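Here's the structure, in structure tokens; my notes come after.
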Amino acid sequence: MVQVLICNHINFLGYINPYPYILFIALYPIKNNRMTLMFLSFLIGLTIDLFQDSGGIHAAASVFIAYARPLALKNAFGTLYEYQTIKFENVDYSSKIMYITLLTIAHHVILFSLEIFSATKIILILQKALFSSIFTILLCIISLIIFGKKTK
């Protein structure tokens, strides 16, 4: 709802949009079924596509990061992921930032590549992906800090 009602209407400099809905995919419990995550990612992406009339690009990018999530988890958390002992509220912020950054950049590169769909405009794709990624990562980190569980 936040994505559809608020974030879809934010458009800095014509090409910087936040996409905080990927935080759901990032924070989905690791021990739950991977196919369920991919299906829910598809539904979230399809919902965004219906409201933006974007033809399935959000659904494709969301399913891609749901599929590639184990690789991002392994790169960001290492042995914690291998032994299935990750609890997002207990890991340090540098690992969280690395994990969210990997997923966000992958999502945005796929999203803007499908949106523009022209090899001659690779600079525009990378520019939109970079600046929107920075804005999305900042928004996700702020959300994690504000809404994260307080540990004592």
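What you see is a predicted model; the values in this text were computed from it and never measured.
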Q.
Within the 4.5 Å heavy-atom criterion, are H58 and L46 side-chain neighbours or not?
A. no

Q. Do you know the tightest heavy-atom contact between S62 and G45?
A. OG-CA, 3.9 Å

Q. OG1 of T104 to CG of L138: how many Å apart, nearest 0.5 Å?
A. 10.0 Å

Q: Starting at CG of L111, measure out to OH of Y19 and round the result to the nearest 0.5 Å.
A: 5.5 Å

Q | Residue pair C140 / P20: nearest heavy atoms and the distance that separates them | A | SG-CA, 4.3 Å

Q) What pair of heavy atoms forms the shortest contact from L102 to A72, and how long is it? A) CD1-O, 4.0 Å

Q | Side chain proximity check, I100 to L144, heavy atoms < 4.5 angstrom | A | yes

**Q.** V109 to I125 - nearest heavy-atom pair and separation
**A.** O-CG2, 4.4 Å

Q: Hey, could you give me the NE2/CZ distance between H108 and F135, rounded to the nearest 0.5 Å?
A: 10.0 Å

Q.
For a 4.5 angstrom cut-off between non-hydrogen side-chain atoms, does R34 reach R69?
A. no

Q) OH of Y28: more than 12 outside heavy atoms within 6.0 angstrom? A) yes

Q: Sort out for me which residue in I30, L23, I25 forms a side chain to side chain contact (heavy atoms under 4.5 Å, CB included) with L27.
A: L23

Q.
With rounding to the nearest 0.5 angstrom, report the CG to NZ distance, L126 to K121.
A. 14.0 Å

Q. Does some side-chain heavy atom of T36 sit less than 4.5 Å from a side-chain heavy atom of N32?
A. no

**Q.** Flag side-chain contact, heavy atom, 4.5 Å: I48 against S54
**A.** no

Q. Would a 4.5 Å heavy-atom cut-off, applied to side chains only, mark M98 and N75 as touching?
A. no

Q | Closest approach of L103 to I65 (non-hydrogen atoms, all atoms of both residues) | A | O-CG2, 3.6 Å

Q) Can you name the one residue among F64, Y21, F112 that meets side chain to side chain contact (heavy atoms under 4.5 Å, CB included) with H107? A) Y21

Q | pair L37-N33: side-chain heavy atoms closer than 4.5 Å | A | no

Q. Where do K96 and F77 come nearest, in terms of heavy atoms and distance?
A. N-CE2, 4.3 Å

Q. Could you state the interatomic distance from CD1 (I134) to CG (L139), rounded to the nearest 0.5 Å?
A. 13.5 Å

Q: Identify whether Y93 and I22 are in the same connected component of the hydrophobic contact network (ILVMFWY, side-chain heavy atoms under 4.5 Å).
A: yes

Q.
Once rounded to the nearest 0.5 Å, what's the spacing between atom CD1 of I110 and atom CD1 of I57?
A. 11.5 Å

